[in-house]
Amino acid sequence: MKQYHDLLKHVLNEGNQKGDRTGTGTKSVFGYQMRFDLSEGFPMVTTKKLHLKSIVYELLWFLKGDTNIKYLQENGVRIWNEWADENGDLGPVYGHQWRNWNDDEIDQIKEIVHSLKTNPNSRRMLVSAWNPSVLPDTSKSFSENVSNGKAALPPCHAFFQFYVADGKLSCQLYQRSADIFLGVPFNIASYALFTMMMAQVCGYEAGDFIHTFGDAHIYNNHMEQVELQLSREPRELPKMKMNPEVKDIFDFKFEDFELVDYNPHPHIKGKVAI
Ligand code: THF
């Protein structure tokens, strides 16, 4: 994961000191791109231990179209707790937009699978989670927005596109805002896994995952953690094994994934900005 370390170094060296909504302060750059060839191994950061379980359950939760954190909590995943209302609702966030845009029964994922199987040269294979009609009013609390039918938070990984060439499926994500220390390792693993799952069910090999950023930032209270992480030597990437029997993108279960040869350095704790 040289790509990830290069991003950390780039932001430390070139970043602008910037205030932000959460009041934490960041070092930030605008515009950056990383590319991961998924045939070279599964892109899980090795210079700190990542919690794969949270990543897999979150992705399965998006794919279910679910926007209540109950399913995540039942599976021991806490990463969305801070933003949910008292009923566990986040409003129409990722899962809702992916599977049921504007309550219009527009299932963007289903349409992409169809297109990948029947018209893989299409240049229209995009999924948008960015829906201006449900963006929250920033003067209101997360739960007030949810009770008004708005999303608790605007999506950070806002839209993505698929591309097929040489029998390989690639995916590019545009992430408008990226918490490089905490969120980005999750986001890379999540979209890499999603690309592999889509490739399997549509009959392709996995190609590249391309990660394009808008505002990519390191929070000021993650600087020591980043220094520690950069002092560590990246290790060989693990491999992701998926149950080859699964042929429908909506049929994957947690048990269908097995990460092998993941030997990371120890976990590094960091506070999430809310
Ligand atoms: N807000 C901020 N400030 N950063 C984010 O990365 C982020 N997200 C989602 C929505 N808002 C965000 C939530 N995703 C962790 C990881 C991903 C999150 C939120 C929190 C986190 O705390 N990770 C810890 C613990 C992991 C665990 O318990 O499983 C870690 O050390 O990795 C970006 O999409």
Side-chain angles (χ1 to χ4, degrees), residues 1 4 7-8 11 18-28 43-62 66-69 71-85 88-98 129-130 135-136 138 141-142 145-146 151-160 173-194 211-226 228-229 232 254 259 262 264-274:
M1 293 286 284
Y4 180 71
L7 168 62
L8 289 172
V11 175
K18 244 185 103 184
D20 75 303
R21 172 188 58 84
T22 70
T24 315
T26 66
K27 212 157 193 194
S28 144
M44 282 275 278
V45 165
T46 56
T47 44
K48 73 172 185 190
K49 186 172 183 181
L50 276 189
H51 200 195
L52 181 73
K53 197 173 109 171
S54 301
I55 295 166
V56 173
Y57 276 118
E58 184 199 45
L59 178 59
L60 295 177
W61 176 70
F62 291 152
D66 195 350
T67 56
N68 187 290
I69 61 170
Y71 168 83
L72 296 176
Q73 290 184 325
E74 282 166 5
N75 291 296
V77 176
R78 292 174 295 269
I79 60 173
W80 281 101
N81 288 6
E82 280 83 0
W83 297 278
D85 73 4
D89 284 322
L90 289 162
V93 292
Y94 302 98
H96 185 82
Q97 303 305 338
W98 287 14
W130 187 262
L135 295 181
T138 41
S141 67
F142 300 128
N145 274 304
V146 172
L153 276 180
C156 292
H157 32 110
F159 60 89
F160 50 98
L173 169 68
Y174 184 88
Q175 183 160 353
R176 64 161 181 93
S177 166
D179 173 348
I180 301 174
F181 176 71
L182 269 188
V184 168
F186 270 61
N187 302 131
I188 298 167
S190 178
Y191 278 85
L193 186 60
F194 188 33
H211 202 163
T212 301
F213 294 103
D215 185 326
H217 45 270
I218 301 175
Y219 279 102
N220 289 343
N221 61 353
H222 292 162
M223 291 298 168
E224 277 175 33
Q225 288 89 330
V226 167
L228 170 62
Q229 193 169 0
R232 296 173 170 179
F254 183 75
L259 188 68
Y262 184 49
H265 291 265
H267 182 68
I268 307 174
K269 274 207 173 92
K271 270 213 173 93
V272 70
I274 298 166

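The model shown is predicted, which means the values in this text are computed figures rather than measured ones. Atoms within a ligand are numbered from 1 in the order they appear, just like the ligands themselves.
Side-chain N/O atoms of S28 and T26 include no donor and acceptor closer than 3.5 Å. Side chains of N81 and Q73: a donor-acceptor N/O pair is present below 3.5 angstrom, by distance only.
Using a 4.0 angstrom heavy-atom cutoff, H267 counts as in contact with ligand 1.
In terms of protein heavy-atom proximity, atom 30 (C) of ligand 1 is closest to L182 CD2, 3.5 Å. Closest to atom 3 (N) of ligand 1, if we only count protein heavy atoms, is A273 O, 2.8 Å. Here the protein heavy atom with the shortest distance to atom 1 (N) of ligand 1 is W83 CZ2, 3.6 Å. Among all non-hydrogen protein atoms, the one lying nearest atom 19 (C) of ligand 1 is I79 O, 3.4 Å.
Contacts between S54 and ligand 1 below 4.0 angstrom, taking non-hydrogen atoms only, involve the side chain exclusively. With a 4.0 Å heavy-atom cut-off, ligand 1 is reached by the side chain of V272 but not by its N, CA, C or O. Neither the backbone nor the side chain of V184 comes within contact range of ligand 1; no heavy atom lies under 4.0 Å.
Remark: among candidates W80, Y219, F186, the nearest residue to atom 32 (O) of ligand 1 is F186, based on non-hydrogen atoms. Relative to atom 2 (C) of ligand 1, the option among L153, N81, D179 with the closest non-hydrogen atom is D179.
Under a 4.0 Å criterion applied to the non-hydrogen atoms of N187, ligand 1 contributes the atoms 34 (O). Each of the following atoms of ligand 1 lies closer than 4.0 Å to a heavy atom of H51: 27 (C), 28 (O), 29 (O). Of all atoms in ligand 1, listed by their number and element, those nearer than 4.0 Å to a heavy atom of G183 are 6 (O).
Under the side chain to side chain contact (heavy atoms under 4.5 Å, CB included) rule, W80 has a single partner from N68, V93, I69, which is I69.
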Residues E82, F142; criterion side chain to side chain contact (heavy atoms under 4.5 Å, CB included); working and verdict = CA-CA 9 Å; E82 280 83 0; F142 300 128; over 6 Å; no
request  = Report the C-alpha separation of V56 and L193 in whole Å, then their side-chain angles, then the decisive distance to 0.1 Å, and conclude whether the side chain to side chain contact (heavy atoms under 4.5 Å, CB included) test is met.
outcome  = CA-CA 8 Å; V56 173; L193 186 60; 3.9 Å; yes
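Proximity of atom 7 (C) of ligand 1 to the protein is not indicated, since no non-hydrogen protein atom lies closer than 4.0 angstrom. For atom 15 (C) of ligand 1, a protein heavy-atom neighbour is present inside the 4.0 Å cut-off.
Between T212 and L173, the closest side-chain pair of non-hydrogen atoms is not below 4.5 Å. L8 is listed as a side-chain neighbour of I218, based on a closest heavy-atom distance under 4.5 Å.
Residue E224 qualifies as open at atom CD: its count of foreign heavy atoms under 6.0 Å is 12 or below.
For the pair A192 and P43, the tightest heavy-atom approach, listed with the atom from each and the gap, is CB-CG, 3.5 Å.
With F181 as the aromatic partner, K48 meets the cation-pi criteria of under 6.0 angstrom to the ring centre and within 45 degrees of the ring axis.
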